[in-house]
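Starting from 1, each residue takes its place in the sequence as its number. Nothing here was measured: the structure is a model prediction, and the numbers come from that model.
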Amino acid sequence: MRRDMDLIRELLLKLEQLSSAHRVVTFTADDEEIAVEGYTPDEIEYHLALIWREGFVETGTSGSGQMMSGEFLFRRLTWKGHDLIDSIRDPEVWKKTKEGASKAGGWTVQLLADFSKAILKQKLKEMTGFEL
């Protein structure tokens with residue numbers, strides 16, 4: 001299965017809404033609260049596992065976050081997860097990020113984050129006149 005950054009973005013946005021400092025949420029890839037229209041539970045499970053392995057979320061436990069039953073444990077986004085979602089949250093910035101990455105012929109998560117931050121910096125300069 002190929003990594004789908006649109007799905008990863010959507011899942012991170014959903015996970016952000018489930019975040020809690022004090023409780024661990026348990027769900028499966030076919031639960032309504034994590035479902036993304038147009039994607040199968042298998043695709044969602046695969047991409048959730050990628051999100052966990054990359055360290056974008058905390059599980060509230062010392063484990064990997066995915067149980068043998070197929071359930072995922074989730075507590076909150078990590079700093080790294082917040083940084084990524086904050087850099088690609090805006091749909092216009094996300095669209096420009098994907099267009100730019102496509103012109104390059106491919107991307108990594110870090111490249112997408114860096115490119116989206118550059119777009120945000122340009123947007124900030126246009127709005128405030130300040131360059132970072």
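- Between Leu18 and Phe27 the shortest side-chain heavy-atom distance falls below 4.5 Å.
- With sequence neighbours excluded, the residues that form a side chain to side chain donor-acceptor pair (under 3.5 Å) with Gln110 are Asp114.
- Of all the heavy atoms in Ile34 and Thr28, the pair that sits closest is CG2-O, 3.4 Å.
- Both Ile85 and Leu15 belong to a common hydrophobic cluster when Ile, Leu, Val, Met, Phe, Trp and Tyr are linked at side-chain heavy-atom distances under 4.5 angstrom.
- By the criterion of side-chain heavy atoms lying less than 4.5 angstrom apart, applied directly or through intervening Ile, Leu, Val, Met, Phe, Trp or Tyr residues, Leu84 is not grouped with Phe115; the two fall into different hydrophobic clusters.
- The cluster map of Ile, Leu, Val, Met, Phe, Trp and Tyr, joined by side-chain heavy atoms under 4.5 Å apart, puts Leu48 and Leu12 in the same cluster.
- Note that CD1 of Ile8 is 5.5 Å distant from CG of Leu50, once rounded to the nearest 0.5 Å.
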### Query
Run the salt bridge (Lys or Arg N to Asp or Glu O under 4.0 Å) check on Asp6 and Arg9 step by step: do they pass?
CA-CA 5 Å; Asp6 286 314; Arg9 177 180 176 269; over 6 Å; no

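- Once rounded to the nearest 0.5 Å, the distance linking CZ of Arg75 with OG1 of Thr78 reads 13.5 Å.
- Atom CG in Asp31 sits 8.0 Å away from atom CD in Glu71 (nearest 0.5 Å).
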### Query
Would Glu16 and His82 satisfy side chain to side chain contact (heavy atoms under 4.5 Å, CB included), going step by step from the backbone distance to the final call?
CA-CA 8 Å; Glu16 181 181 47; His82 280 289; 4.2 Å; yes

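- Panel note: side chain Lys117, backbone Ser87; no donor-acceptor pair is recorded below 3.5 Å.
- The existence of a salt bridge linking Glu92 and Lys96 is confirmed by a sub-4.0 Å separation between a basic side-chain nitrogen and an acidic carboxylate oxygen.
- Rounding to the nearest 0.5 angstrom, the gap separating the CD atom in Glu45 from the CZ atom in Phe72 is 5.0 Å.
- Taken from CD in Glu10 to CG in Asp4, the straight-line distance is 10.0 Å, to the nearest 0.5 Å.
- Heavy atoms of other residues, nucleotides or ligands lying less than 6.0 angstrom from CE of Met1 number more than 12.
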### Task
Walk me through it: do Leu112 and Trp94 pass the test side chain to side chain contact (heavy atoms under 4.5 Å, CB included)?
CA-CA 9 Å; Leu112 287 174; Trp94 178 235; 4.2 Å; yes

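- With hydrogens and angles left out, the side-chain atoms of Thr97 and Ser116 include no donor and acceptor closer than 3.5 Å.
- Counting only distance, with no hydrogens or angles, the side chain of Lys80 and the backbone of Glu54 share a donor-acceptor pair below 3.5 Å.
- Rounding to the nearest 0.5 angstrom, the gap separating the CD atom in Glu33 from the CZ atom in Phe74 is 10.5 Å.
- At distances below 3.5 Å, not a single donor-acceptor pair connects side-chain atoms of Thr59 with backbone N or O atoms of Leu73.
- A donor-acceptor pair is defined here as one N or O able to donate and one able to accept, closer than 3.5 Å; no such pair exists between the side chain of Asp86 and the backbone of Asp83.
- The hydrophobic cluster containing Leu7 also contains Val109, counting ILVMFWY residues as joined when their side-chain heavy atoms lie under 4.5 angstrom apart, directly or transitively.
- Under the 3.5 Å distance criterion, with hydrogens and angles disregarded, no donor-acceptor pair is assigned to the side chains of Asp42 and Thr40.
- No chain of hydrophobic side-chain contacts below 4.5 Å, direct or via other Ile, Leu, Val, Met, Phe, Trp or Tyr residues, connects Leu120 to Leu111.
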